[in-house]
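Inspection log for the structure reproduced underneath, given as C-alpha coordinates.
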Amino acid sequence: MTVTSASDEWDVVLRPRRTPIFAYVAAFLIAAAHIVVGLLLKIRSSGVIFQTADQVAMALLGLVIAGAVLLFARPRLRVGAAGLSVRNLLGDKLIPWADVVGVSFPGGSRWARLDLPDDEYIPVMAIQAVDKDRAVAAMDAVSSLLARYRPDLH
(Lines give C-alpha, C1' and ligand atoms only; values in the text may rest on other atoms or scores of the structure.)
Protein backbone atom coordinates (compact mmCIF):
# COMPACT_ATOMS: atom_id res chain seq x y z
CA MET A 1 0.00 0.00 0.00
CA THR A 2 1.33 3.39 -0.84
CA VAL A 3 0.18 5.87 1.76
CA THR A 4 0.73 9.42 0.61
CA SER A 5 -0.18 12.71 2.13
CA ALA A 6 -2.57 14.23 -0.35
CA SER A 7 -3.83 17.70 -0.96
CA ASP A 8 -5.95 19.56 1.57
CA GLU A 9 -8.96 17.72 0.20
CA TRP A 10 -7.83 14.17 1.12
CA ASP A 11 -6.35 12.99 4.42
CA VAL A 12 -4.87 9.83 2.93
CA VAL A 13 -4.48 8.24 -0.50
CA LEU A 14 -4.00 4.46 -0.64
CA ARG A 15 -2.86 2.32 -3.56
CA PRO A 16 -1.90 -1.36 -3.79
CA ARG A 17 1.81 -2.14 -4.00
CA ARG A 18 2.35 -5.54 -5.61
CA THR A 19 -0.53 -5.81 -8.07
CA PRO A 20 0.45 -2.76 -10.18
CA ILE A 21 4.01 -4.06 -10.50
CA PHE A 22 2.67 -7.42 -11.68
CA ALA A 23 0.24 -5.67 -14.05
CA TYR A 24 2.99 -3.54 -15.66
CA VAL A 25 5.28 -6.54 -16.15
CA ALA A 26 2.48 -8.76 -17.47
CA ALA A 27 1.22 -6.05 -19.85
CA PHE A 28 4.72 -5.51 -21.23
CA LEU A 29 5.29 -9.25 -21.74
CA ILE A 30 1.89 -9.74 -23.40
CA ALA A 31 2.38 -6.80 -25.76
CA ALA A 32 5.96 -7.81 -26.58
CA ALA A 33 5.01 -11.43 -27.24
CA HIS A 34 2.18 -10.46 -29.58
CA ILE A 35 4.34 -7.98 -31.46
CA VAL A 36 7.15 -10.53 -31.88
CA VAL A 37 4.71 -13.23 -33.04
CA GLY A 38 3.18 -10.72 -35.44
CA LEU A 39 6.58 -9.94 -36.89
CA LEU A 40 7.46 -13.63 -37.23
CA LEU A 41 4.22 -14.67 -38.96
CA LYS A 42 5.63 -14.22 -42.46
CA ILE A 43 9.21 -15.37 -41.79
CA ARG A 44 8.77 -19.02 -42.74
CA SER A 45 6.11 -20.84 -44.68
CA SER A 46 3.86 -22.98 -42.52
CA GLY A 47 1.25 -23.81 -45.10
CA VAL A 48 -0.87 -20.83 -44.09
CA ILE A 49 -0.59 -17.58 -45.98
CA PHE A 50 -0.36 -14.66 -43.56
CA GLN A 51 -0.87 -11.12 -44.77
CA THR A 52 0.47 -7.88 -43.37
CA ALA A 53 -2.99 -7.24 -41.95
CA ASP A 54 -2.63 -10.45 -39.89
CA GLN A 55 0.66 -9.19 -38.49
CA VAL A 56 -0.84 -5.83 -37.57
CA ALA A 57 -3.91 -7.50 -36.05
CA MET A 58 -1.71 -9.75 -33.90
CA ALA A 59 0.23 -6.74 -32.57
CA LEU A 60 -2.96 -4.75 -31.94
CA LEU A 61 -4.54 -7.69 -30.15
CA GLY A 62 -1.55 -7.81 -27.82
CA LEU A 63 -1.84 -4.09 -27.14
CA VAL A 64 -5.55 -4.39 -26.36
CA ILE A 65 -4.97 -7.29 -23.96
CA ALA A 66 -2.08 -5.41 -22.35
CA GLY A 67 -4.34 -2.39 -21.89
CA ALA A 68 -6.94 -4.56 -20.19
CA VAL A 69 -4.27 -5.97 -17.85
CA LEU A 70 -3.17 -2.41 -16.98
CA LEU A 71 -6.62 -1.76 -15.51
CA PHE A 72 -5.39 -3.72 -12.48
CA ALA A 73 -2.92 -0.89 -11.77
CA ARG A 74 -5.75 1.66 -11.31
CA PRO A 75 -7.20 0.94 -7.83
CA ARG A 76 -7.01 3.80 -5.37
CA LEU A 77 -8.77 4.84 -2.18
CA ARG A 78 -8.86 8.46 -1.10
CA VAL A 79 -10.21 9.35 2.33
CA GLY A 80 -11.11 12.86 3.42
CA ALA A 81 -13.77 15.11 4.89
CA ALA A 82 -15.99 14.62 1.82
CA GLY A 83 -16.03 10.84 2.27
CA LEU A 84 -14.26 7.95 0.62
CA SER A 85 -13.41 8.01 -3.07
CA VAL A 86 -13.08 4.44 -4.33
CA ARG A 87 -11.52 3.76 -7.73
CA ASN A 88 -11.40 0.12 -8.77
CA LEU A 89 -10.87 -1.22 -12.30
CA LEU A 90 -13.51 0.96 -13.91
CA GLY A 91 -14.93 4.18 -12.59
CA ASP A 92 -14.47 6.31 -9.50
CA LYS A 93 -17.15 6.64 -6.84
CA LEU A 94 -17.36 9.10 -3.96
CA ILE A 95 -19.20 7.70 -0.95
CA PRO A 96 -20.19 10.38 1.58
CA TRP A 97 -19.54 9.62 5.25
CA ALA A 98 -23.28 9.53 5.93
CA ASP A 99 -23.54 6.38 3.78
CA VAL A 100 -20.60 4.56 5.38
CA VAL A 101 -21.38 1.88 7.96
CA GLY A 102 -17.84 0.52 8.24
CA VAL A 103 -14.74 -0.78 6.55
CA SER A 104 -13.95 -4.49 6.78
CA PHE A 105 -11.58 -7.12 5.50
CA PRO A 106 -13.45 -10.43 5.66
CA GLY A 107 -11.36 -13.54 6.19
CA GLY A 108 -10.26 -15.14 2.93
CA SER A 109 -10.99 -12.02 0.88
CA ARG A 110 -8.50 -10.66 -1.61
CA TRP A 111 -9.31 -7.03 -0.79
CA ALA A 112 -11.11 -4.86 1.73
CA ARG A 113 -14.64 -3.63 1.39
CA LEU A 114 -16.59 -0.54 2.31
CA ASP A 115 -19.74 -1.51 4.18
CA LEU A 116 -22.90 0.42 3.31
CA PRO A 117 -26.43 0.35 4.76
CA ASP A 118 -28.76 -2.58 4.01
CA ASP A 119 -25.91 -5.15 3.89
CA GLU A 120 -24.46 -3.64 0.71
CA TYR A 121 -20.77 -3.12 0.16
CA ILE A 122 -18.25 -1.78 -2.33
CA PRO A 123 -14.98 -3.67 -2.89
CA VAL A 124 -11.88 -1.60 -2.15
CA MET A 125 -9.21 -3.07 -4.41
CA ALA A 126 -6.69 -0.50 -3.17
CA ILE A 127 -6.27 -2.51 0.04
CA GLN A 128 -5.24 -6.03 -1.00
CA ALA A 129 -4.37 -9.09 1.07
CA VAL A 130 -1.28 -9.73 -1.05
CA ASP A 131 0.27 -6.54 0.39
CA LYS A 132 0.18 -8.04 3.92
CA ASP A 133 1.61 -5.54 6.45
CA ARG A 134 0.88 -2.61 4.17
CA ALA A 135 -2.77 -3.72 4.01
CA VAL A 136 -2.90 -3.85 7.81
CA ALA A 137 -1.45 -0.33 8.02
CA ALA A 138 -3.92 0.89 5.40
CA MET A 139 -6.86 -0.65 7.29
CA ASP A 140 -5.63 1.01 10.49
CA ALA A 141 -5.44 4.38 8.72
CA VAL A 142 -8.92 4.03 7.25
CA SER A 143 -10.35 2.82 10.57
CA SER A 144 -8.87 5.79 12.44
CA LEU A 145 -10.35 8.19 9.88
CA LEU A 146 -13.69 6.38 10.13
CA ALA A 147 -13.61 6.93 13.89
CA ARG A 148 -12.77 10.60 13.29
CA TYR A 149 -15.46 11.32 10.71
CA ARG A 150 -18.16 8.93 11.99
CA PRO A 151 -17.77 8.86 15.79
CA ASP A 152 -21.40 7.72 16.04
CA LEU A 153 -20.41 4.27 14.73
CA HIS A 154 -18.01 3.53 17.60
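Each residue takes its place number in the sequence, starting with 1.
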With clusters defined by side-chain heavy atoms of hydrophobic residues (ILVMFWY) lying less than 4.5 Å apart, directly or transitively, does I122 cluster with L14?
yes
Please check this pair: side chain of D131 against backbone of R17, looking for a donor-acceptor N/O pair closer than 3.5 Å.
yes
Donor-acceptor pair, distance only, cut-off 3.5 Å: does the side chain of T19 make one with the backbone of P16?
no
Heavy atoms of other groups near D119 CG, more than 12 under 6.0 Å
no
Can you check whether W10 reaches S85 side chain to side chain, under 4.5 Å on heavy atoms?
yes
Partners meeting side chain to side chain contact (heavy atoms under 4.5 Å, CB included) with D54 (sequence neighbours left out)
L41, F50, Q51
Do the side chain of Q128 and the main chain of M125 share a donor and acceptor less than 3.5 angstrom apart?
yes
In short, side chain to side chain donor-acceptor pair (under 3.5 Å) pairs touching residues 55-65 with sequence neighbours left out are none
Single-linkage hydrophobic cluster, 4.5 Å side-chain cutoff, I95 and F105 together:
yes
Just do the side-chain contact (heavy atoms from CB on, under 4.5 Å) check on R15 and R87 with the steps written out, would you?
CA-CA 10 Å; R15 297 177 193 274; R87 181 173 74 186; 3.3 Å; yes
Let me confirm one number: the CD1-CD1 distance from I35 to I30, rounded to the nearest 0.5 Å.
12.0 Å
Result for side chain to side chain contact (heavy atoms under 4.5 Å, CB included) between V103 and one of L145, L114, L77 points to L114
Which residue in the set N88, V86, D92 passes side chain to side chain contact (heavy atoms under 4.5 Å, CB included) when paired with R76?
D92
Has the side chain of R150 got a donor or acceptor atom that lies under 3.5 Å from a matching backbone atom of V100?
yes
With a 4.5 Å limit on heavy-atom distance, are the side chains of L84 and L94 in contact?
no
Does any N or O in the side chain of R74 come within less than 3.5 Å of the main-chain N or O of L89, such that one atom is a donor and the other an acceptor?
yes
May I ask you to check whether over 12 heavy atoms, not counting those of K132, lie within 6.0 Å of atom NZ?
no
Please say yes or no: joined through hydrophobic side-chain contacts below 4.5 Å, possibly via intermediate residues, are V136 and M139 part of one cluster?
no
Is there side-chain contact between K42 and T52, with at least one heavy-atom pair below 4.5 Å?
yes
Path from Y149 to V142 over hydrophobic side-chain contacts below 4.5 Å
yes
Distance-only, no hydrogens or angles: does the R18 side chain make a donor-acceptor pair with backbone N or O of V130 under 3.5 Å?
yes
For the backbone of L116 and the side chain of D99, can you confirm whether one donor and one acceptor N or O come within less than 3.5 Å of each other?
no
same_hphob_cluster(V12, W97) at 4.5 Å side-chain heavy-atom cutoff:
yes
Which heavy atom of A66 sits nearest a heavy atom of A31, and at what distance?
CB-CB, 4.0 Å
Rounding to 0.5 Å, atoms CD1 (I127) and OG (S109) come to a distance of 12.0 Å
Is there side-chain contact between R148 and D11, with heavy atoms separated by less than 4.5 Å?
yes
